[in-house]
Amino acid sequence: MPPVSPPPSRTHHWLWPLLLLLGSITLTIAWLLVALSTRTQAGWMAVLAALEAAWMLRLGTFRAGAARVAVAVLATLLIVVAANWAIASAYMGGPMGLTPWESALRMGPALAWTLSKLANGTAEAIWLVIAVLVAWRAAR
């Protein structure tokens, strides 16, 4: 009788979207809390968003290549947008007695864009560029 070999191990390629979504939501909430507690935009958190996106894609067994780099950069940019929207809505809705989540749902994209442009300066733009480069490098 021939020896029985174990079946080949299969990686779960469907896991990366769930991990990326969970990590992105968690990091967006953490960014919001850091920004509210320091009363700044906390642009440096964009670098952590880039590292988190690349790590979640690796952890979720997304194959290396241009697609993983593109998804990591896109996820980083989406986290930046979501965090800035949440920060702006927290500052707008707080005085009216709304939670950040209630205010974020009521605030339109034009107001969020205007408030983000007013609150973010050169330092945050530099952090964003650094974050995109970190996402590109870490996801390769």
Side-chain angles (χ1 to χ4, degrees):
M1 198 153 100
V4 177
S5 62
S9 64
R10 296 185 60 201
T11 56
H12 300 285
H13 296 293
W14 55 267
L15 195 56
W16 70 266
L18 298 174
L19 288 173
L20 186 61
L21 180 65
L22 178 66
S24 299
I25 291 171
T26 304
L27 193 88
T28 302
I29 292 170
W31 190 338
L32 172 64
L33 294 175
V34 167
L36 292 178
S37 66
T38 61
R39 296 181 190 261
T40 64
Q41 288 297 102
W44 55 270
M45 290 285 290
V47 177
L48 294 180
L51 290 172
E52 178 273 332
W55 184 53
M56 288 298 167
L57 290 173
R58 285 178 186 257
L59 195 62
T61 66
F62 195 102
R63 291 195 177 123
R68 185 165 77 183
V69 171
V71 170
V73 169
L74 182 64
T76 301
L77 293 174
L78 288 175
I79 292 170
V80 169
V81 168
N84 277 292
W85 189 305
I87 293 166
S89 65
Y91 281 120
M92 284 298 292
M96 292 183 260
L98 298 172
T99 64
W101 329 119
E102 293 170 337
S103 179
L105 294 174
R106 293 179 182 184
M107 185 167 61
L111 180 59
W113 175 252
T114 302
L115 292 175
S116 293
K117 279 192 337 187
L118 290 172
N120 292 315
T122 306
E124 284 78 17
I126 292 170
W127 281 116
L128 178 60
V129 170
I130 292 171
V132 168
L133 293 174
V134 166
W136 173 78
R137 176 74 173 121
R140 291 187 326 150

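Computation of the quantities below employed the complete heavy-atom set of this structure, encompassing side-chain atoms and omitting hydrogens, waters and symmetry-equivalent molecules.
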Test item: [X] and [Y] side chains (from C-beta on) under 4.5 Å apart, heavy atoms:
{"X": "Leu15", "Y": "Thr61", "result": "no"}
{"X": "Leu21", "Y": "Ile25", "result": "yes"}
{"X": "Glu52", "Y": "Thr26", "result": "no"}
{"X": "Ser24", "Y": "Leu78", "result": "no"}

Heavy-atom closest contact ([X] atom, [Y] atom, distance):
{"X": "Ala139", "Y": "Ala54", "result": "N-CB, 3.9 Å"}
{"X": "Ala46", "Y": "Thr76", "result": "O-CG2, 4.0 Å"}
{"X": "Ala64", "Y": "Arg68", "result": "CB-NH2, 3.4 Å"}
{"X": "Ala53", "Y": "Ala75", "result": "CB-CB, 4.0 Å"}
{"X": "Leu19", "Y": "Leu59", "result": "CD1-C, 3.9 Å"}
{"X": "Ala138", "Y": "Leu51", "result": "CB-CD2, 4.4 Å"}

Hydrophobic clustering (ILVMFWY, side-chain heavy atoms < 4.5 Å, transitive) - are [Y] and [X] grouped together?
{"X": "Met96", "Y": "Leu111", "result": "no"}
{"X": "Leu57", "Y": "Leu18", "result": "yes"}
{"X": "Leu115", "Y": "Leu36", "result": "no"}
{"X": "Met56", "Y": "Leu27", "result": "no"}
{"X": "Leu128", "Y": "Val34", "result": "yes"}

>> Filter on ring-ring contact (aromatic ring centres under 6.0 Å, His included), then keep only pairs touching residues 37-81, sequence neighbours left out; what's left?
In response: Trp16-Phe62

> Any ring-ring contact (aromatic ring centres under 6.0 Å, His included) pairs touching residues 70-119, not counting sequence neighbours?
Replying inline: none

>> Name the residue from Thr28, Leu74, Leu20 that meets the side chain to side chain contact (heavy atoms under 4.5 Å, CB included) definition with Ile79.
In response: Thr28

> Under 3.5 Å, side chain of Trp127 to main-chain N/O of Met45, donor-acceptor pair present?
Replying inline: no

> Are any side-chain N or O atoms of Ser116 and backbone N or O atoms of Ala112, one a donor and one an acceptor, separated by less than 3.5 Å?
Replying inline: yes

Could you work out, with side-chain hydrogen bond (donor to acceptor under 3.5 Å, both in side chains) as the rule, every residue matching [X], not counting sequence neighbours?
{"X": "Ser37", "result": "none"}
{"X": "Gln41", "result": "Asn84, Asn120"}
{"X": "Thr114", "result": "none"}

> For atom CE of Met107, is the number of surrounding heavy atoms from other residues, nucleotides or ligands below 6.0 Å larger than 12?
Replying inline: yes

>> Tell me whether Arg140 at atom CZ has more than 12 heavy atoms from other residues, nucleotides or ligands lying less than 6.0 Å away.
In response: yes

> Can you list the steps and then say if Val81 with Leu77 is a side chain to side chain contact (heavy atoms under 4.5 Å, CB included)?
Replying inline: CA-CA 6 Å; Val81 168; Leu77 293 174; 5.6 Å; no

>> Taking transitive links into account, so neighbours of neighbours count too, which hydrophobic residues share a cluster with Leu118 at under 4.5 Å side-chain distance?
In response: none

> OG of Ser89 to CZ of Arg106: how many Å apart, nearest 0.5 Å?
Replying inline: 11.5 Å

>> I need the Thr38 OG1 to Leu33 CG distance, nearest 0.5 Å.
In response: 10.5 Å

